[in-house]
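Notes to accompany the following structure.
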Amino acid sequence: MLKEVCILHQESEIQHSNIILVGMMGTGKTTVGTLLAEQLSYPLVDMDTIIAEREGISVQEIFRTKGEAYFRDLESRVLEEMLQSTGQVISTGGGCVLRELNRAIMLDKGLVVALTADVDHIVGRVAGDNNRPLLAGDTRERVQTIMEERKDAYHFAHVTVDTSLLTPEEVVPCVLARYRV
Ligand code: S3P
């Protein structure tokens, strides 16, 4: 039997004003977000890029010099600010879902889409990338540990798409089919 790759958790007739992508590192948020933004003629708002631009240093450097708590506070502030606007595709950092307040505002301000992938695909996608401070060291071990820690963290989303066996182009229609404007 084919595994279901796109699961709708909450059907709603509510109109959406943004598409908000959440998910572990390496699940394809930025790549899928870029394609979705192109299709909808929306801007792509990449939260990590905005945070790095504001601080004038990379996310990696923020973690190293100011610590994770500082980054998380900044992340919450940028999220709230970005969600004042509508008509955007927002690609969040993988840990943005960890705060209840962040989850609540996301659910309120758009269609929240969780991208998932299995460990092998995530490791394959993030291998050799030194820009993710939480994956420093043994990448597979780090991915497995974080996935275990966050095993329920992405369940709040309206829609979940398993990107393990899909190309980014195949993920896009799964999301657009649920987006109501
Ligand atoms: C993080 C994910 C990263 C970035 C930071 C922390 C996380 O974003 O925000 O390194 O806690 O999962 P991506 O998911 O875009 O890699």
Side-chain angles (χ1 to χ4, degrees), residues 6-30 32-33 36-37 42-55 59-60 62-119 122 126 131-136 142-163 171 174-175 178-181:
C6 188
I7 302 168
L8 177 66
H9 302 293
Q10 303 170 44
E11 183 61 273
S12 110
E13 287 311 311
I14 295 171
Q15 290 202 327
H16 304 113
S17 41
N18 293 296
I19 292 181
I20 305 163
L21 299 174
V22 300
M24 267 287 286
M25 297 168 265
T27 51
K29 292 171 299 213
T30 306
V32 170
L36 281 168
Y42 280 7
L44 173 71
V45 175
D46 185 275
M47 297 251 311
D48 282 348
T49 304
I50 293 176
I51 292 169
E53 276 170 9
R54 288 215 179 154
E55 290 292 292
V59 167
Q60 165 90 343
I62 300 172
F63 268 71
R64 197 179 65 78
T65 58
K66 301 179 173 176
E68 182 170 351
Y70 179 91
F71 174 82
R72 296 293 172 210
D73 286 343
L74 207 52
E75 187 174 49
S76 294
R77 280 207 299 280
V78 170
L79 179 71
E80 195 185 346
E81 212 178 291
M82 293 304 125
L83 287 175
Q84 304 294 319
S85 303
T86 56
Q88 334 160 76
V89 177
I90 300 183
S91 173
T92 63
C96 193
V97 299
L98 298 175
R99 290 187 175 176
E100 165 63 33
L101 218 58
N102 292 354
R103 296 195 294 272
I105 187 175
M106 288 192 261
L107 287 173
D108 188 45
K109 299 285 187 179
L111 177 71
V112 182
V113 180
L115 301 184
T116 63
D118 56 44
V119 177
I122 290 185
V126 300
N131 291 320
R132 292 182 166 106
L134 295 182
L135 298 184
R142 290 298 301 140
V143 168
Q144 276 172 333
T145 301
I146 297 171
M147 275 179 94
E148 180 56 29
E149 283 167 4
R150 296 186 185 166
K151 63 179 184 322
D152 299 324
Y154 302 104
H155 289 170
F156 75 103
H158 296 116
V159 181
T160 298
V161 185
D162 183 347
T163 67
V171 176
C174 292
V175 177
R178 270 89 191 168
Y179 186 57
R180 316 238 174 283
V181 278

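Values reported hereafter were calculated over all heavy atoms of this structure, with side chains retained and with hydrogens, waters and symmetry mates removed.
Between the CE atom in M25 and the CE atom in M147 there is a gap of 10.5 Å [rounded to 0.5 Å]. Taken to the nearest 0.5 Å, the CD1 atom of I90 stands 7.5 Å off from the CE atom of M82. Considering CD of Q84 and NZ of K109, their distance stands at 6.0 Å, rounded to 0.5 Å. We find the CG-CD1 distance between L36 and I19 to be 5.0 Å, quoted to the nearest 0.5 Å. Atom-to-atom distance recorded for I50:CD1 and E75:CD is 11.5 Å, nearest 0.5 angstrom.
Using a 30° and 60° split on the angle between ring planes, H16 and Y179 fall in the parallel class, below 30°.
For N102, the side-chain hydrogen bond (donor to acceptor under 3.5 Å, both in side chains) partners at least two apart in sequence or on another chain are S76. Residues satisfying the side-chain contact (heavy atoms from CB on, under 4.5 Å) criterion with R150, sequence neighbours excluded, are M24, R72, L98, L134, I146, A153, Y154.
Taking each heavy atom of V161 and C174 in turn, the nearest pair found is CG2-CB, 4.2 Å. Closest non-hydrogen pair, A157 versus V22, comes out as CB-CG2, 4.5 Å. The shortest heavy-atom contact between L83 and M106 is CD1-CA, 4.1 Å. Among all heavy-atom pairs drawn from V175 and L111, the shortest one is O-CD2, 4.1 Å. When every heavy atom of C6 is checked against every heavy atom of R178, the shortest pair comes out as SG-NH1, 3.4 Å.
For the 3.5 Å distance criterion, the side chains of Q88 and N18 qualify, holding a donor opposite an acceptor. Side-chain contact, E55 with Y70: a donor N or O sits under 3.5 Å from an acceptor N or O.
Ion pairing between a basic and an acidic side chain is recognised when a charged N comes within 4.0 Å of a carboxylate O; E81 and R54 show such pairing. Between D73 and K66 there is no salt bridge, since none of the side-chain N atoms of the basic residue sits less than 4.0 Å from a carboxylate O of the acidic one.
Within the 3.5 Å criterion, the main-chain N or O of S17 finds no donor-acceptor partner in the side chain of T86. Between the S91 side chain and the L21 main chain, no donor and acceptor come within less than 3.5 Å of each other. Side-chain N or O atoms of R103 include one that pairs as donor or acceptor with a backbone N or O of V97 at under 3.5 Å. Of the possible donor and acceptor atoms, none in the side chain of K29 sits under 3.5 Å from a partner among the backbone N and O of L115. Under a 3.5 Å cut-off, the side chain of H158 and the backbone N or O of V112 do form a donor-acceptor pair.
By the 6.0 Å contact criterion, CD on Q144 is enclosed, its count of non-hydrogen atoms from other residues, nucleotides or ligands being greater than 12.
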| message | I122 vs T27, test: side-chain contact (heavy atoms from CB on, under 4.5 Å). Steps then yes/no. | response | CA-CA 6 Å; I122 290 185; T27 51; 4.0 Å; yes
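You'll find the side chain of C96 reaches within 4.5 Å of the side chain of M47, heavy atoms only. Taking 4.5 Å as the limit, every side-chain heavy atom of T116 sits out of range of all side-chain heavy atoms of T163.
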